[in-house]
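One structure is given here, and the rest of the page talks about it.
Both backbone and side-chain heavy atoms feed into the values below; hydrogens, waters and symmetry mates do not. Ligands are counted one by one from 1 in listed order, and the atoms in each one are counted from 1 as well.
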Amino acid sequence: MAVSIKEVARRAGVSLGTVSNVLNRPDQVSEATRERVRRAIAETGYVRNDSARQLREGSSRTLAMVVLDMANPFFTDVAHGAEQEAARHDAMLVMCNSGDDPRREERHLEQIAQQRMRGVLITPADGDGEQALRTLSAQGVPAVLVDRHSDRPDRCSVSVDDVLGGRLAAEHLLAAGHTRIGFVGGPAAVPQVRERRRGAAETIAAAAARLYDIPTPALTFEAGRDAAATLLDDPDRPTALFCANDLLALGVLQTLTLRGLAVPGDMAVIGYDDIDFAAAAAVPLSSIRQPREELGRTAARLLLEEAAGDGTHRHQHVVFMPELIARRSTTA
Ligand code: RIB
C-alpha cells in the first residue's frame, strides 16, 4: 500500500499544502520545516509519483545507473553491457552522474524513486553508500552495487577482485626489475582505490621493495597529469608507477612524454581498467583489465531478476578476476 501525502503531513505535523510546497516550491518553506517534512518522507517511505501510468503498471520499464564519473570510459563500457541486458528484457537504461558527490547522488536517487524506476545500478559516491541505499530500499526500489564488493545479505553486488588486481600490477613491475614503485591514486575513501593499493603494497613489501604513495584528489586524467608534474621535481622518485585507473595513467603518460622522459626506460607506467584508450595511447599503456561489459550485463541481470519480485531471486555477490595486459609502457 503506497504511503499517502496525508501520512507525511501528519508525521511532520504540517498541512497538506506545506508538504506540497516542500515537494514543489521548497523555496517557499523554511529550512526547518523542509527538514521535518524530508524526515517524515524518509520515515514513512513516501514516494511522490510523477506518472499515474507507471502507478497503474506497478513500475516503469527503466533501469537507472548512477556512476562516479560519466566522463570515465570505464563506466560507459559497464553501462553498455547493462544496456544490452536491459534491452533483452524490453527495458531501457538511463545514466546519472554523481561526480563522486554524495549529495548529488542522493538527489538522483530521490528522482529515481519518484519516477518509480524499476531499479538502480550504483557505484556509491561515499564509503559504502548504505545511507542512500537504505532510502531506496524503504521505497521498494532494488539496487545492485557495481564495481564495489559487498557481503551484505540484503542486496547484490558485482565487482572485480581489486586486491588481486593490485597484486598483479606490482608483480609485473617487480618482474621488470623495479624496486621503487609509486602508487598514484585517490581519494583513499574510494574502496576500489584502497583495495588496489593494498594488493600492491603487500606484494611490494613481500619483495622488500619500496612503495611511494602519490595521492590524488580524483581519479581523472587531469589529476594524473598534475601528480606526475609534482613527482618529477622529486630527485628520489620511483622508477615505476601503478595508477589506480587508466585515466590517471594516461595523464601521467602525457606529462612524462611532454617533459621528455622515456617510457618505460625512465619511468614505467601501468593503469587499471584497460579501457580502449589504453591500447590506443601513443605509448600503449599496460593495464589491469576489468571485464567491463560483463560487469554491466551481470549487474543488470541480477537487478531485473530482483525487480521481477516473483520470489525466485537470491542475492549474489559476483566477483570477477582481473587480468594483466602488458604493453609498451612497462615492457621495453
Ligand atoms: O569506480 C572507481 C574506479 O574504479 C573508477 O575510476 C574506475 O576507473 C574503476 O577503475
Sequence neighbours excluded, every pair satisfying salt bridge (charged side-chain N to carboxylate O under 4.0 Å, His left out) that has a member inside residues 316-332: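 As it turns out, the salt bridge (charged side-chain N to carboxylate O under 4.0 Å, His left out) pairs with a partner in residues 316-332, which skip direct neighbours, are Asp274-Arg327.
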Scan residues 159-169 for pairs that pass salt bridge (charged side-chain N to carboxylate O under 4.0 Å, His left out), counting only residues two or more places apart or in two chains.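 Matches after skipping sequence neighbours: Asp162-Arg196.
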Assess Arg225 against Phe221: is NZ or CZ under 6.0 Å from the centre of the six-membered ring, and within 45 degrees of the ring's axis?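 Negative - Arg225 is either too far from the ring of Phe221 or too far off its axis.
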May I ask you to check whether Asp246 and Ser287 show a side-chain donor-acceptor distance below 3.5 Å?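 The answer is yes; a qualifying pair exists.
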Under a plain distance cut-off of 3.5 Å, with no hydrogens placed, do Ser150 and Ser157 share a side-chain donor-acceptor pair?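 The answer is no; no qualifying pair exists.
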Contacts of Asp101 that satisfy salt bridge (charged side-chain N to carboxylate O under 4.0 Å, His left out) - sequence neighbours left out: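 With neighbours one apart ignored, the set is Arg103.
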Enumerate, one pair per line, all nitrogen or oxygen atoms of ligand 1 lying under 3.5 Å from a protein nitrogen or oxygen, stating the separation to 0.1 Å; write 'none' if no such pair exists.
{"residue": "ligand 1", "atom": "1 (O)", "partner": "Asp147", "partner atom": "OD2", "Å": "2.6"}
{"residue": "ligand 1", "atom": "1 (O)", "partner": "Gln192", "partner atom": "NE2", "Å": "3.0"}
{"residue": "ligand 1", "atom": "4 (O)", "partner": "Asp147", "partner atom": "OD2", "Å": "3.1"}
{"residue": "ligand 1", "atom": "4 (O)", "partner": "Arg196", "partner atom": "NH1", "Å": "3.3"}
{"residue": "ligand 1", "atom": "4 (O)", "partner": "Arg196", "partner atom": "NH2", "Å": "3.1"}
{"residue": "ligand 1", "atom": "6 (O)", "partner": "Asn72", "partner atom": "ND2", "Å": "3.3"}
{"residue": "ligand 1", "atom": "6 (O)", "partner": "Asn245", "partner atom": "ND2", "Å": "2.9"}
{"residue": "ligand 1", "atom": "8 (O)", "partner": "Asn72", "partner atom": "ND2", "Å": "3.0"}
{"residue": "ligand 1", "atom": "8 (O)", "partner": "Asn245", "partner atom": "ND2", "Å": "3.3"}
{"residue": "ligand 1", "atom": "8 (O)", "partner": "Asp273", "partner atom": "OD2", "Å": "2.4"}
{"residue": "ligand 1", "atom": "10 (O)", "partner": "Arg196", "partner atom": "NH1", "Å": "2.8"}
{"residue": "ligand 1", "atom": "10 (O)", "partner": "Arg196", "partner atom": "NH2", "Å": "3.2"}
{"residue": "ligand 1", "atom": "10 (O)", "partner": "Asp273", "partner atom": "OD1", "Å": "2.5"}
{"residue": "ligand 1", "atom": "10 (O)", "partner": "Asp273", "partner atom": "OD2", "Å": "3.1"}
{"residue": "ligand 1", "atom": "10 (O)", "partner": "Gln290", "partner atom": "NE2", "Å": "3.4"}

